[in-house]
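First comes the structure, then the notes that go with it.
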Amino acid sequence: MDQTLYFILLLIALCSVSECVQRQYHFINVRKTWTEAQRHCRENYTDLATVDNMTDMNELKKSVNDGGVQYIWIGLQRTSVDKWQWSSGEPALYLNWKPEQPDGRDECAFMKNGKWEDWQCSNSLTFICNSSNNMNTGLVFVDQMKNWRDAQSFCRQNHTDLVSVRNQNENQQIQKFINDNHISNDVWIGLFRVRDPWQWSDQSNSSFRDWKTNEPDIVGKLKNCTVIGPKALDQWHADSCSNQLPFVCHEDKLILITENLTWTEALRHCRQNYTDLVSVHSDERQRRVMNVVKGASTEAVWLGLRHSCTVGLWFWVSGETVCYQNWAPGNGTGDEDCVSAVRSGAVQSGGDQRWISRPEHDKLNFICSRYEE
Ligand SMILES: *[C@@H]1O[C@H](CO)[C@@H](O)[C@H](O)[C@H]1NC(C)=O
Ligand SMILES: *[C@@H]1O[C@H](CO)[C@@H](O)[C@H](O)[C@H]1NC(C)=O
Ligand SMILES: *[C@@H]1O[C@H](CO)[C@@H](O)[C@H](O)[C@H]1NC(C)=O
Ligand SMILES: *[C@@H]1O[C@H](CO)[C@@H](O)[C@H](O)[C@H]1NC(C)=O
Ligand SMILES: *[C@@H]1O[C@H](CO)[C@@H](O)[C@H](O)[C@H]1NC(C)=O
Ligand SMILES: *[C@@H]1O[C@H](CO)[C@@H](O)[C@H](O)[C@H]1NC(C)=O
């Protein structure tokens, strides 16, 4: 074979990569409470399972290799009480919920017979605005069905804001206003929930949720943990954390270490505790690296990139050829200063997050990998 062609074919073979998952799910078919399950996962893997999207959800389901399993824990837990606020910006100190409300599902509040209930903000209701135009009551009823956000915009543009109810006296005034004006509908008030009290065990702020209709049902506040099931594992339910169930852990494949080490120290740390310093051989992997370095405390973060002065080439310490490249302009040419120090490669933690060449004794954060390349 022609030597050049042979070399090209060899490069193609070396450069083709198979994509790996970002996190790997591990099904543990042992019944534990949610907290025990969390401890087990933290000791043996990264944490109880976090799910970012449908792809993760499918990977998680695939990991469950026992068809008889009904329900399994994932890492989503209710960790704070609901925090409600008025559209006007005032904190909600006075609350007048109907018994068993709010039920934890919804983000906006309406008034019915003087009591408040939570409901999905996307539903349409008539509403009441605070208004300086009405000298008498300071209230205006808008007899148009709008979702909560649109009702808020309407009030803000045409009046003052969606109505606030700051005390019992104001609540009674509004009830009287509703009776006097023969308003038969439920009406939106300006109360909304500030944040989702459900948090992932690993502190990820993934907002992906796949609750079954009418879930999370936390009436009585006894159900603070999340299970998926039954059987098909495609619906999330709130459940009591003290139940004993099998569970799924996840293991992050890229780990940012926020210690400041030289490149050689970083390599030793990763090889001893994980698999290796990370190599980046695709756009996909580069995106994951960019995501991980957001938490770095140094302006650049070591990669498994090393320069060899002997051959004037960059290479990955995992043994792969540098095919995919993401160098900052002027970096990675192979034409390095070989006198003062050996050069190693790092990714910028800010800006374009491109790769740069640094003297190996610089002390930087680094990324270890658990991939077996
Ligand atoms: C559920 O979580 C809420 C908010 O953190 C807390 O007030 C409540 O006591 C918890 N319930 C149980 C049974 O742990
Ligand atoms: C303000 O009121 C006018 C007249 O009813 C309406 O056309 C307009 O859409 C309202 N503004 C908003 C933001 O809803
Ligand atoms: C958390 O969410 C915010 C806003 O959605 C995002 O900017 C931030 O990067 C996220 N943090 C992490 C650690 O993912
Ligand atoms: C690492 O270095 C950065 C930048 O010099 C510094 O802000 C950070 O505190 C250092 N971290 C540690 C663990 O020493
Ligand atoms: C492995 O990790 C432990 C705990 O973080 C650390 O003390 C140790 O130094 C690491 N090993 C190396 C070779 O850095
Ligand atoms: C490498 O990239 C950095 C950041 O863009 C730049 O400051 C530096 O000058 C580049 N190095 C060379 C040799 O051009």
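None of the values given here were measured: they were computed from a predicted structure. Heavy-atom basis, side chains included; hydrogens, waters and symmetry copies ignored. For the single chain, residues carry numbers from 1 onward in sequence order. Order of listing sets the numbers, starting from 1, for every ligand and every atom in it.
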* To do: Starting from atom 1 (C) of ligand 2, find the nearest protein heavy-atom neighbour and note its residue, name and distance.
  => N158 ND2, 1.6 Å
* Got a protein heavy atom sitting under 4.0 Å from atom 11 (N) of ligand 4? -> yes
* Structure fact -> atom 4 (C) of ligand 4 has as its nearest protein heavy atom S297 O, 3.6 Å
* Asked: In the protein, what heavy atom is nearest to atom 13 (C) of ligand 2, and what distance, to one decimal place, separates them?
  -> Q157 OE1, 2.6 Å
* Asked: For ligand 4, which part of T258 has a heavy atom less than 4.0 Å away: the side chain, the backbone, both, or neither?
  -> backbone
* Are I178 and V187 close enough that some pair of their side-chain heavy atoms sits under 4.5 Å apart? -> yes
* Pair W84 + W97: ring centers closer than 6.0 Å -> yes
* Structure fact -> N224 heavy atoms within 4.0 Å reach ligand 1 at atoms 1 (C), 2 (O), 3 (C), 8 (C), 10 (C), 11 (N), 12 (C), 14 (O)
* Aromatic ring pairing Y45/H40, orientation class (parallel under 30°, perpendicular over 60°, tilted between) -> tilted
* Structure fact -> In this structure, atom 14 (O) of ligand 4 is nearest to the protein heavy atom N260 ND2, 3.3 Å
* Asked: Heavy atoms of the protein only: does one fall short of 4.0 Å from atom 7 (O) of ligand 2?
  -> no
* Asked: Do F127 and F154 have their ring centres less than 6.0 Å from each other?
  -> yes
* Donor-acceptor contact below 3.5 Å, side chain E36 vs main chain T33 -> yes
* To do: For S153, take its heavy atoms, then give the atoms of ligand 2 lying under 4.0 Å from any of them.
  => 13 (C)
* Asked: Ring centroid separation for W148 and F192, is it under 6.0 angstrom?
  -> yes
* Asked: What are the atoms of ligand 1, with element, lying closer than 4.0 Å to any heavy atom of T79?
  -> 5 (O)
* Structure fact -> Paired with S201, the side-chain hydrogen bond (donor to acceptor under 3.5 Å, both in side chains) test is passed by just one of H250, R42, Q77, namely R42
